[in-house]
There are 2 protein chains.
Amino acid sequence: VGRTLQLSLADLLEGFQQTTVIATMQCAGNRRASLLSVRDIPGEDPWGGGATGTGKWTGVRLADVLAAAGVGDGAHHVAFSAHDVSRLPRPAQPYGSSIPIQKAMAGEVLLAWAMNDADLTAVHGAPVRVVVPGYIGARSVKWIDRITVQTEPSDNYFQATAYRILPPDVDPAKACPGDGISLSSVALNCEILRPVHGEQIHPGPVRISGYAFAGDDRSIERVDISTDAGQTWHQAELDEQASPWAWRLWHTTVNLNPGRVNVRARAWDSTGATQPQSPEHVWNPKGYANNSWASRAFDQLDHDAPIAKGDAGLKCR
Amino acid sequence: VGRTLQLSLADLLEGFQQTTVIATMQCAGNRRASLLSVRDIPGEDPWGGGATGTGKWTGVRLADVLAAAGVGDGAHHVAFSAHDVSRLPRPAQPYGSSIPIQKAMAGEVLLAWAMNDADLTAVHGAPVRVVVPGYIGARSVKWIDRITVQTEPSDNYFQATAYRILPPDVDPAKACPGDGISLSSVALNCEILRPVHGEQIHPGPVRISGYAFAGDDRSIERVDISTDAGQTWHQAELDEQASPWAWRLWHTTVNLNPGRVNVRARAWDSTGATQPQSPEHVWNPKGYANNSWASRAFDQLDHDAPIAKGDAGLKCR
């Protein structure tokens, strides 16, 4: 059934228009760590807000390659398979995923061979990987070896069973293919990056900064900062955005009284939606898509208090 | 600058393919009432969860009409003006709005002359209105008289100044064009419709039902119900969806102890995002896009307790 188009890396380089997209890649488990205060999540890494990054990706549009292969009726999903077997599940599972055809045909999805103007390294997916801007990182398959246009989503373990939000009372070890909410677009989120957690801050105004990201088809419109547990908020300044597919960096400067400070941040998107307050309200058995308010504690020192020795965080301000 | 295409209703009927879309129309102020418990919102109607509805709309695709008119470079927004002047603002303002060109060219946006298989009545926008599925109702302009393809969003009062989420400390009377978050897609939301608030329920299992809506480009994936203030949740059943642009109705049946019951509901969308807990966390000066958890109080009667007379709500179960 259907036809197959075989392409070498040279074919991609010579036969298609090269394009570049600046895009944020974000793990579905980004910020999982703060869910652990609600309930344990065995077997998953306790990522903080650093399981994400923004890069400049160079390659060809997946849409152009699909057009060359011919996409007919019944093309609802585009599945990726790879030279990649994960030993994390029992039994071990080949890695793969799929995305809806509408997303696959949008110009921002790439088959990429370079990141930040350098050829991909092996760990980043050389020779060629998928980059799906706005979607959870799990859909951006590395070491790709086959692309299949099909009627149904991929039945690969990492599409059908993993990377899904299960109800709180479900045991993920007993989850079946199709259970839970299959993740695609990243949910509205933000994180505080500076000050570092537990940092000791010199007396004077404190610069607070971080990122916010609204995923696919939505944009960050506002970021609020609170130093009184969310009773009052003020708006941070949004930095210029590198591309529609990149996170939005933000910063603000606040004056604080000496002592322990707990700063919270929340973002608003172009639908007027904002983030839930508490990790308790978004906890799920695999710890995905934690987009509760960002929270960061640090110490504002008094004018005559000594700075603790060896505080590397201070150098970062 | 540019050309003008003039079309009569007969031209629309005869010159373009007729199409039908089942779509939910939702006011940006839907569920505003529960924000009033946080702080007053003078001058705005205290809508409950009924400032929304789902209809079958018949007309022609705006995309087809724009194609016939020719859409060139610099076409970033499509603005609508109407035989409509609102006396609510001081001074009175002509009504209008705009949507991004990508949305205008999507097949679901209609110039409609019929609702639920009957010609539009005057109050619904006859002879022709815009229907923008997934967007706040304010963008679905009635009594349309002109469509303009332009570089910038509409400078009409209702696009540039009203229908925006302002920060909590801003006086809306002093808001300037461009202030705040301009609303487009409806934010993820849900409401409990049955039982009615304050209803007295016969002993036995109680059926709870309502709607959930995820707006543009996202879908409802789960609805949770809690009878213990959000400590534990169980999943409601999702009814079949009438169209990708329609709300998702849901229902569940619960067994309750006699007495006052407070049921809460929250929806999850296809990004794994869910709703904020409290109206306090989404309050804004014009009271838009309240998508905090739905909440409904009613009385579960004891087996030997009399039903209060004249309780119309009971007939609706």
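Note: hydrogens, waters and symmetry copies are ignored here, and every other heavy atom, side chains too, is used.
- B:E237 CD: 12 or fewer foreign heavy atoms inside a 6.0 Å radius.
- Taking chain A as the reference chain and counting heavy-atom pairs below 4.5 Å, the highest number among B:D269, B:D216, B:D169, B:N291 is found for B:D216.
- By the 6.0 Å contact criterion, CH2 on B:W245 is enclosed, its count of non-hydrogen atoms from other residues, nucleotides or ligands being greater than 12.
- When heavy atoms are compared at a cutoff of 4.5 Å, A:S182 approaches chain B solely by way of its backbone atoms N, CA, C and O.
- Under the 4.5 Å side-chain criterion, counting only non-hydrogen atoms from C-beta, A:R222 is in contact with B:P167.
- Nearest approach of B:A289 to A:T271, heavy atoms of both residues: CB-O, 4.4 Å.
- With a threshold of 4.5 angstrom between heavy atoms, A:V282 approaches chain B through its backbone and through its side chain.
- Residue A:I181 comes nearest to B:S270 through the heavy atom pair CG2-CA, 4.4 Å, listed as atom of the first residue, atom of the second, then distance.
- Pairing each heavy atom of A:A187 with each of B:A273, the nearest pair is CB-CB, 4.0 Å.
- Annotation: maximal heavy-atom pairing with chain B below 4.5 Å, among A:I136, A:L188, A:I165, A:N284, occurs at A:I165.
- Between the NE2 atom of A:H281 and the CG atom of B:D224 there is a distance of 12.0 Å, given to the nearest 0.5 Å.
- The most heavy-atom pairs under 4.5 Å with chain A, out of B:H234, B:Q231, B:Q235, come from B:Q235.
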Item checked: Residue pair A:R218, B:R218: steps toward the side chain to side chain contact (heavy atoms under 4.5 Å, CB included) verdict -> CA-CA 11 Å; A:R218 297 193 177 171; B:R218 297 192 178 172; 3.6 Å; yes
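- Within the 4.5 angstrom heavy-atom criterion, no atom of B:R164 approaches chain A.
- Heavy atoms of other residues, nucleotides or ligands lying less than 6.0 angstrom from CH2 of B:W233 number more than 12.
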